[in-house]
Amino acid sequence: MINPAHDVLAANALARAVYAPFGELDNLVRMTFLEPAARRFHVDWARTADSTVASLRAATTGFEADPRLLSVVESVRERSPEFEERWRAQRVQRKTATVKQFLHDEVGRLEFDAHSFAVLSAPGLQLVVYGVEPGSATARVIPLLSVGMTARTPARR
């Protein structure tokens with residue numbers, strides 16, 4: 001679940017395992033532009049960067065005065081020329097369905113169908129769901145991520 005600023009508000013344990021190369025799953029814009037891991041992790045970083053900024057631009061519609069969104073934009077603009085260039089292009093695109101391709105440090109290449117859904121009871125929030133093709137290479141390594149995830153996560157009592 002993400003807000004208009006692309007803060008990750010909720011993620012299940014498997015999503016955290018997928019994004020483990022970042023260390024912290026907190027804000028998709030910050031992670032894409034300010035984390036060195038992003039350029040290795042995203043198979044096509046430039047496409048991801050373009051899409052992320054276009055999606056953030058779309059989020060400003062109706063939320064242009066949102067303090068958190070403004071803070072993310074200004075913070076990343078100051079620290080990333082690549083973000084600034086894309087932000088100035090003013091491309092707007094809402095994400096509904098896309099293919100996500102990652103290169104994970106532990107399990108290699110991952111490919112997901114990602115679908116974003118508006119949360120009607122909470123304007124601005126989006127639920128993002130990743131799916132895999134049954135029998136695909138990604139489907140075969142998901143159990144490995146789950147095992148690794150339990151090794152990194154302390155047991156709950």
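Remember, predicted model here, so these are calculated numbers, not experimental data. Heads up: numbering here begins at 1 and tracks the sequence.
- Under a hydrophobic clustering in which Ile, Leu, Val, Met, Phe, Trp and Tyr are joined whenever their side-chain heavy atoms come within less than 4.5 Å, directly or via other members, Met1 and Phe117 fall into the same cluster.
- Ala5 and Leu69 make their closest contact through CB-CA, 3.7 Å (heavy atoms, listed as atom of the first residue, atom of the second, distance).
- Between Arg57 and Trp87 there is a side-chain heavy-atom pair separated by less than 4.5 Å.
- Considering only heavy atoms from C-beta on, Asn3 comes within 4.5 Å of Leu125 through its side chain.
- Side-chain contact check for Val18 versus Phe112: some heavy-atom pair is nearer than 4.5 Å.
- In this structure, CE in Met31 is found 7.0 Å from CZ in Phe41, a value given to the nearest 0.5 Å.
- The backbone N or O of Asp50 sits less than 3.5 Å from a side-chain atom of Arg91, completing a donor-acceptor pair.
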*Determine, stepwise, if the pair His6 / Thr52 fulfils side-chain hydrogen bond (donor to acceptor under 3.5 Å, both in side chains).*
CA-CA 9 Å; His6 289 52; Thr52 299; over 6 Å; no
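- The structure places CG of Asp26 at 7.5 Å from CG of Asp7, a figure rounded to the nearest 0.5 Å.
- In this structure, NE2 in His115 is found 11.5 Å from CG in Leu127, a value given to the nearest 0.5 Å.
- Taken to the nearest 0.5 Å, the CG atom of Leu28 stands 7.0 Å off from the NZ atom of Lys95.
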*Let me see the working for Glu84 and Arg88 under salt bridge (charged side-chain N to carboxylate O under 4.0 Å, His left out), right down to the final yes or no.*
CA-CA 6 Å; Glu84 174 65 16; Arg88 286 179 183 256; 2.4 Å; yes
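- In this structure, Val76 and Arg30 approach most closely via the heavy-atom pair CG2-CA, 4.3 Å.
- Checked by atom type and distance alone, the side chain of Arg140 pairs as donor or acceptor with a backbone atom of Gly135 at under 3.5 Å.
- Going from atom CZ of Phe22 over to atom CG of Asn27 covers 11.5 Å, rounded to the nearest 0.5 Å.
- A donor-acceptor contact shorter than 3.5 Å links the side chain of Asp66 to the backbone of Arg68.
- One hydrophobic cluster, built from ILVMFWY side chains closer than 4.5 Å, cannot hold both Leu103 and Tyr19; they sit in different ones.
- Applying the side chain to side chain contact (heavy atoms under 4.5 Å, CB included) test between Thr48 and each of Lys100, Gln101, His42 identifies His42 as the sole match.
- A pairwise comparison of heavy atoms in Leu56 and Val29 identifies CD2-CG2, 4.0 Å as the closest pair.
- Looking at heavy atoms from C-beta onward, Glu111 lies in side-chain contact with Val99 at the 4.5 angstrom threshold.
- Across every non-hydrogen atom of Ala58 and Arg94, the tightest pair is O-NH1, 3.3 Å.
- Both Leu25 and Ile142 are assigned to one and the same hydrophobic cluster, defined by single-linkage of ILVMFWY side chains at heavy-atom distances under 4.5 Å.
- Two different hydrophobic clusters hold Val43 and Tyr130 under the rule that ILVMFWY side chains link at heavy-atom gaps under 4.5 Å.
- Ile2 and Val129 are not part of a single hydrophobic cluster, where members link through side-chain heavy atoms under 4.5 Å apart.
- The aromatic rings of Phe33 and Phe83 sit perpendicular to each other, their planes meeting at more than 60°, with 30° as the lower class boundary.
- Between Glu106 and Leu144 the shortest side-chain heavy-atom distance does not fall below 4.5 Å.
- The line from CH2 of Trp45 to CD of Glu82 is 4.5 Å long, rounded to the nearest 0.5 Å.
- No more than 12 heavy atoms of other residues, nucleotides or ligands lie within 6.0 Å of CD in Glu85, so this atom counts as exposed by the packing criterion.
- Side-chain atoms of Ser71 do not come within 3.5 Å of backbone N or O of Pro67 as any donor-acceptor pair.
- For the residue pair Ala17 and His104, the shortest heavy atom distance occurs at O-NE2, 2.8 Å.
- Nearest approach of Leu34 to Pro36, heavy atoms of both residues: O-CD, 3.6 Å.
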